[in-house]
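Following: one structure in structure tokens, then a few remarks.
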Amino acid sequence: MPEGPELHLASLYVNKMCAGVVFTGPVRKSEVSKSPDVAFACEAYLITATSRGKEVKLTLTPMKSDDTKQRVKAGQADQAMDIVLRFGMSGYFRFTTEDELPKHAHLRFYSKETPCRVLSFVDARRFGTWHPNGTWQPDRGPCIMFEYESFREKVVSRLSDRAFDKPICEVLLNQKYFNGIGNYLRAEILFRLNIPPFVAARVVLEGLESEDLCENEKKVKDEIPDTKTSDGDTQLKRETGDLLRLCHTVPLEVVSLGGKGYDPQKADYSDFEAWLQCYYKDGMTSIRDHNGRTMWFKGDPGPMTPKVLKSPKAKKKAKKEEDHDYTDNKKVARGRSESTPKKKVVKQETATKTPKKEKDAHPKEAGSKRRETEKSEEVNAPQTKERSAARGRKSSSAEPTAGAPRRSSRMTRQNSK
DNA sequence: CGTCCACGTCTAC
DNA sequence: TAGACCTGGACGG
């Protein structure tokens, strides 16, 4: 969930659900959370939210009353407090009754009703954080969705920054310049323009102007290939705008998909999945970037494609071997200089294309990926995603295609209800 | 049961 | 530029 669009949808969710709701008492934190306590308590306060790139800011506003002195004396807030949150890999908001508190609700705001309801920041993996009395993180750039002009200007004017020496797909994750872009967005954006992911960012970006010449807010019309015909090869990509503009418009498309894209309650990610054209899609290729993140793309990977294998798997494998290596020469032998090459078995890269034994039933499922990886083993060659229908097939062999076990593995929030 | 993978930062050799 | 930080779902055995 959490890339720029989801963070923004989260702020919309808070504003919608909490409009007119009066909250009361202290803000509560789960026992297990390592994020700071939120020292705010108030007899009656309101909650609103805004977003910027990959951050959300909650504003707690005490409601007027005449007993200000008393309140202050009682340790109650009389001033608004901002809390800035980052969502990590799994954060989101829910507004529920107290007895429906989601698991992993690490920060909670209680309404004054009876029975009361609770606005929760839910974050299973706890990679998310919050900062009481916080401000937008200084090192993050302008929001790609709502500060488009300054975002664009900043990138164009700082192209000499060595940050742009790296492959474009990696630079797109640099929040100093692309605040709001995440792993699925970088794949979708580069795919739309057919830009090889591992081309130096500067090469891709130089020549672009600060002014967006295509500045007439015309909806980016993109042909979404008929999902049924699978074979997402339908090449009708006629995108409007340059890379920087798509860093703005593509995320906004996700926002326009609406709440169902976000609200885990709806458990309905089908629209979002249908919207995806590249990320995790069948027929696409994926390889690990220099930071170990999976880059999805199609076609030419570009000249700066990572040489050494650094998939989590490869790493783990290497580690394992080390553990079982009693020869004591680890440090010397492969200590570090040659890091991971170990068995660069590089099978013929032609191994890339997996026999297509399955006709797509329905794009979806992230399943089979591991299988592919399996095949590639130590190979650095890109892997194209193969059908996973086989997966559903397999597990529910009794039930072939009909109700296709379309539980869409990932993308499906752990709510499904 | 175990392994691999995930929409993201952080910080420590 | 590796790990670290976490939980849980999908799969494989």
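To find a chain, count down the sequence lines: A is the first, B the second, and so on, and within it residues start at 1. On a predicted model such as this, the values are computed, not experimentally measured, just so you know.
Between atom CG of residue Asp282(A) and atom OH of residue Tyr280(A) there is a gap of 11.5 Å, rounded to the nearest 0.5 Å. Separation of atoms CZ (Phe178(A)) and CG (Leu244(A)) is listed at 6.0 Å; rounding is to 0.5 Å. Atom CD1 of Ile189(A) is separated from atom CG of Leu172(A) by 6.0 Å, given to the nearest 0.5 angstrom.
Residue Arg125(A) contributes atom CZ, which lies 14 Å from atom P of dC10(B) at whole-angstrom precision. Distance, Met295(A) CE to dA6(B) C1': 16 Å, rounded to whole Å.
In this pair, Phe127(A) lays its aromatic ring flat on the base of dC5(C), centres within 5.5 Å and planes under 30 degrees apart. The stacking criteria are not both satisfied for Phe87(A) over the base of dG8(B), which would need a centre-to-centre distance under 5.5 angstrom and an angle between ring planes under 30 degrees.
Taking atom P in both dC13(B) and dC5(C), the straight-line distance is 12 Å, to the nearest Å. For dC5(B) and dG13(C), the P atoms lie 15 Å apart once the distance is rounded to whole Å.
Phe109(A) has its ring centre no less than 6.0 Å from the ring centre of Phe121(A).
Among the atoms of the strands shown, only primed sugar atoms or phosphate atoms (P, OP1, OP2) are found under 4.0 Å from some heavy atom of Arg140(A). Counting any heavy atom pair closer than 4.0 Å across all strands shown, Glu188(A) reaches no nucleic acid atom.
For DNA chain B, each stem of at least three Watson-Crick or G-U pairs (distances under 3.5 Å) is given as range with range: B:1-6 with C:7-12, B:8-12 with C:1-5.
Geometrically, Lys154(A) engages Tyr177(A) in a cation-pi contact, judged by NZ or CZ lying under 6.0 Å from the ring centre and within 45° of the ring axis.
Residues Cys143(A) and Phe146(A) approach most closely at SG-N, 3.4 Å, considering heavy atoms.
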